[in-house]
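Structure first, commentary second.
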Amino acid sequence: MGDFAVGDEDFLLDGRPVRLLSGALHYFRVHEGHWEHRLGMLRAMGLDCVETYVPWNLHEPEPGRYVDADALGRFLDAVGRAGMRAIVRPGPYICAEWENGGLPHWLTGPLGRRVRTLDPEFLAPVEAWFRRLLPQVVERQIDRGGPVVLVQVENEYGSYGSDRGYLEWLAGLLRDCGVSVPLFTSDGPEDHMLTGGSVPGVLATANFGSGAREGFATLRRHQPSGPLMCMEFWCGWFDHWGREHMVRDAADAAAALREILECGASVNVYMAHGGTNFGGWAGANRDGELHDGPLRATVTSYDYDAPIDEAGRPTEKFRAFREVLAEYAEGPLPEVPEPPARLGAAVSGVLDGWAPLDAVLEVLGGEETGTPLPPTFEELGVDRGLVRYRVAVPGPRQPYPLGVTGLRDRAVVYVDGLPAGVLEGGDAALPEPVAGPALVDLWVESLGRVNYGPRLAEPKGITGGVRHERQYLHGVRARGLRLDAFATETVAKVPFGPVTEAPGLYRGVLAVAGAGDAWLRLPGSTRGFVWMNGFCLGRYWSAGPQEALFVPGPVLREGANEVWVLELEGGGPSSVELDVL
């Protein structure tokens with residue numbers, strides 16, 4: 001039992017000034033079998049606290065239907081066993097480069113930009129979710145003998161809106177649910193962000209990657225007293241498909257960390273260990289200074305160039321941070337823990353079964369709808385996955401350009417069953433005109449919902465229409481294929497046949513001796529998703545920069561391991577390879 005409070009200049013533990021040396025580690029991006037190891041790595045780096053978000057959409061995929069909603073409590077118990085403190089950031093919005101910023105698609109679909117405001121239709125489901133989630137936080141607060149010392153109110157709200165009433169309502173809800181530890185907000189160290197995101201009586205913290213003295217000076221103009229804390233010290237950055245891998249020099253990052261600590265401030269290293277966007281949960285961003293430009297999808301890896309890499313290994317940055325943090329530790333730092341089991345030897349195998357997308361959709365797809373205009377993913381109840389839109393071009397008529405308006409995000413198009421091209425983003429047309437009559441199929445994939453900025457909550461799929469020349473084509477049949485429809489018992493019903501070099505679902509078996517953490521590669525593949533023993537490792541894409549997917553050792557087993565590859569655009573992988581770390 002203990003008392004944690006916000007003092008005039010410091011955090012106070014039982015009345016004694018303390019500094020929080022925290023690191024971000026998201027329980028949902030790390031296989032549960034690795035939690036203990038990763039927490040041990042944080043401690044060995046010199047951290048005594050861990051911070052995590054909570055993704056609402058992961059745990060409530062449909063209104064009132066919860067999936068592993070007690071995972072946070074189990075993680076906090078692991079934090080307590082590791083002898084660490086915990087900072088919880090429950091949202092409801094989290095950003096985190098996570099699908100839709102953690103907000104459920106079934107909520108943002110009908111509400112759009114009414115989310116994150118005092119709108120009653122947003123507040124009601126938020127309250128229902130928090131009353132389901134927060135008891136596991138309340139029971140594990142420091143004043144009840146647990147590790148939780150801080151809880152966040154929303155997340156970087158000043159980067160999005162100015163509804164002060166909404167933030168005050170949310171802070172009140174947290175208190176009403178039993179949160180007794182100090183609350184905080186976090187925003188960029190800019191006047192408009194701190195003005196829009198702060199709540200009277202709630203500690204404000206700042207997020208930045210460098211320039212601590214300037215950042216804290218700005219924070220002090222808005223909050224003259226209270227402990228200083230960089231709640232997100234960006235020691236690296238995330239990657240987008242088709243872009244260069246982001247890195248930050250270890251010495252530069254260590255110098256920026258030292259500057260924060262020399263200011264007498266607390267810190268949360270973001271990310272201490274990034275982990276992986278398993279299950280296709282990676283979000284997306286919009287280019288441009290105002291985040292309203294072209295869509296950029298985030299890769300499956302959330303390595304973040306963090307000091308502890310995606311596979312849980314120490315890096316040069318780890319060693320540089322450990323050297324800095326050791327100066328602020330109470331006593332010698334723990335030894336670096338031994339890594340979890342690693343794959344004993346490289347394995348390669350072939351895929352021996354294939355089913356076309358239409359056959360997969362017939363078994364695993366949702367109900368087909370018929371509407372004048374294309375329904376969105378949200379209207380079809382699809383969070384992650386794809387939708388087949390089918391529309392007829394009347395005839396006879398001469399060839400005209402065939403295109404889509406309001407496309408989000410990427411469509412592979414077939415005309416009378418033959419590949420006709422790939423369309424991407426906004427308004428786009430096929431390279432060759434189409435004559436009528438013809439049957440057109442558009443397989444549209446969401447590359448991740450926007451997680452940050454003014455385009456948050458935008459719908460997915462075909463949000464405008466399909467046009468032949470200037471004419472809209474009406475009478476659209478649409479059917480969704482959700483990623484969570486892929487399970488061992490359902491995939492077993494798919495009619496697999498001989499392998500054909502075309503988009504579809506591929507199946508194979510890998511024989512493993514010495515199961516453990518590994519990298520998975522799919523030579524010859526283009527874009528899609530892959531599962532190992534029913535566990536979705538995430539999206540692959542030849543666009544780079546990510547060349548391999550991380551396979552947690554607990555997912556593998558000795559002997560036969562079943563692999564599914566959903567290839568959406570190319571001829572499928574020539575083989576499946578597991579490489580040692």
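Side chains included, hydrogens not; waters and symmetry mates left out as well; all remaining heavy atoms used.
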Are Glu156 and Asn207 linked by a side-chain donor-acceptor pair shorter than 3.5 Å? yes

Short side-chain donor-acceptor distance under 3.5 Å, Tyr93 and Asn451: no

Could you go step by step and tell me if Val412 and Glu569 meet the side-chain contact (heavy atoms from CB on, under 4.5 Å) rule? CA-CA 7 Å; Val412 180; Glu569 196 167 320; 4.2 Å; yes

Check the pair Asp517, His34 against side-chain hydrogen bond (donor to acceptor under 3.5 Å, both in side chains), reporting the backbone distance first and the verdict last. CA-CA 10 Å; Asp517 295 349; His34 285 157; 3.1 Å; yes

A side-chain contact here means heavy atoms from C-beta on lying under 4.5 Å apart; do Pro552 and Phe278 qualify? yes

Which pairs, with at least one residue in residues 240-253 and sequence neighbours excluded, count as a salt bridge (Lys or Arg N to Asp or Glu O under 4.0 Å)? Arg243-Asp287, Arg248-Asp252

Please work out which of the three classes, parallel, tilted or perpendicular, describes the rings of His240 and Phe238, given edges at 30° and 60°. perpendicular

If you measure from CG on Leu325 to CZ on Arg258, what distance do you get to the nearest 0.5 Å? 9.5 Å

Mind checking whether Val530 and Leu549 have side chains closer than 4.5 Å, heavy atoms only? yes

Tell me whether Glu262 at atom CD has more than 12 heavy atoms from other residues, nucleotides or ligands lying less than 6.0 Å away. yes

Check Glu458 with Arg449, please: is the shortest side-chain N to carboxylate O separation under 4.0 Å? no

Test side-chain contact (heavy atoms from CB on, under 4.5 Å), reference His273, set Val30, Asp303, Leu39, output is Val30

Going from CE on Met231 to CZ on Phe184, what distance comes out if it is rounded to the nearest 0.5 angstrom? 3.5 Å

Return the minimal non-hydrogen interatomic distance between Ala253 and Cys235, and the atom names on each side. CB-O, 4.1 Å

So Tyr53 and Asn155, side-chain hydrogen bond (donor to acceptor under 3.5 Å, both in side chains) or not? Walk me through it. CA-CA 10 Å; Tyr53 283 122; Asn155 183 65; 3.1 Å; yes

Where does the angle between the aromatic ring planes of Tyr270 and Tyr304 fall among parallel (under 30°), tilted (30 to 60°) and perpendicular (over 60°)? perpendicular

Run the salt bridge (charged side-chain N to carboxylate O under 4.0 Å, His left out) test on Glu316 and Arg319 for me, step by step, so that the C-alpha distance in whole Å, both residues' side-chain angles and the decisive distance to 0.1 Å come before the verdict. CA-CA 5 Å; Glu316 179 186 356; Arg319 290 179 281 274; over 6 Å; no

Within the 4.5 Å heavy-atom criterion, are Thr205 and Ser186 side-chain neighbours or not? yes

Do Val422 and Val413 have side-chain heavy atoms sitting under 4.5 Å apart? no

Close side-chain approach of Leu483 and Phe529, heavy atoms under 4.5 Å: yes

Glu567 vs Tyr540, side-chain hydrogen bond (donor to acceptor under 3.5 Å, both in side chains): CA-CA, chis, key distance, verdict: CA-CA 9 Å; Glu567 172 62 47; Tyr540 64 87; 2.8 Å; yes

So, Trp519 versus Phe550, ring centres under 6.0 angstrom or not? yes

side-chain contact (heavy atoms from CB on, under 4.5 Å), paired with Ile87, selected from Val50, Val79, Leu20, Thr52: Leu20

Parallel, tilted or perpendicular: ring planes of His59 versus Tyr27, cut at 30 and 60 degrees: parallel

Rounded to the nearest 0.5 Å, how far apart are CD1 of Ile308 and NE2 of His37? 8.0 Å

Around Glu424, counting heavy atoms of other residues, nucleotides and ligands shown, do more than 12 lie under 6.0 Å from its CD? yes

Rounding to 0.5 Å, atoms CD (Glu232) and CG (Asn268) come to a distance of 7.5 Å

Test side-chain hydrogen bond (donor to acceptor under 3.5 Å, both in side chains) on His105 and Asp383; report intermediate values, then the result. CA-CA 6 Å; His105 73 284; Asp383 53 359; 4.6 Å; no

Going by distance alone, is a donor N or O of one side chain under 3.5 Å from an acceptor N or O of the other, for Asn100 and Thr108? yes

Which atoms form the tightest heavy-atom contact between Arg213 and Cys263, and what is the distance? CG-SG, 3.7 Å

Give the minimum heavy-atom separation between Leu556 and Gly516, together with the two atoms involved. CD1-O, 3.3 Å

In terms of heavy-atom contacts, Ile94 and Pro55 come closest through CD1-CA, 3.9 Å

Are any side-chain N or O atoms of Asn277 and backbone N or O atoms of Trp98, one a donor and one an acceptor, separated by less than 3.5 Å? no

Give, for atom CG of Leu257 and atom NZ of Lys317, the distance between the pair rounded to the nearest 0.5 Å. 11.0 Å

Is the cationic atom of Arg384 (NZ for Lys, CZ for Arg) positioned less than 6.0 Å from the six-membered ring centroid of Trp281 and within 45 degrees of its normal? yes

Are any non-hydrogen side-chain atoms of Met41 and Pro314 less than 4.5 angstrom apart? yes

Side chains of Ser159 and Tyr452: donor-acceptor distance under 3.5 Å anywhere? yes

Gln546 side chain to Thr300 backbone, donor-acceptor under 3.5 Å: yes

Nearest heavy-atom approach of Arg286 to Gly293 is CD-O, 2.8 Å

Check step by step if side-chain contact (heavy atoms from CB on, under 4.5 Å) holds for Trp564 and Leu505. CA-CA 7 Å; Trp564 311 325; Leu505 183 63; 4.1 Å; yes

Does the side chain of Ser266 reach to within under 4.5 Å of the side chain of Ser22, using non-hydrogen atoms? no

Is any NZ, NE, NH1 or NH2 atom of the basic residue among Lys460 and Glu378 found under 4.0 Å from an Asp or Glu carboxylate oxygen of the other? no

Using the ring of Tyr160 (Phe, Tyr or Trp, six-membered ring only), decide whether Arg116 places NZ or CZ under 6.0 Å from its centre and within 45 degrees of its axis. yes

Could you tell me which non-hydrogen atom of Leu47 sits nearest to which non-hydrogen atom of Met84, and how far apart they are? O-CE, 3.8 Å

Quick check: do Val444 and Ile462 have side-chain heavy atoms less than 4.5 Å from each other? yes

Nearest 0.5 Å please: distance from the CG atom of Asp187 over to the CG atom of Asp191. 12.0 Å

Trace of the side-chain contact (heavy atoms from CB on, under 4.5 Å) decision for Asp48 with Leu42: CA-CA 8 Å; Asp48 58 16; Leu42 263 64; over 6 Å; no

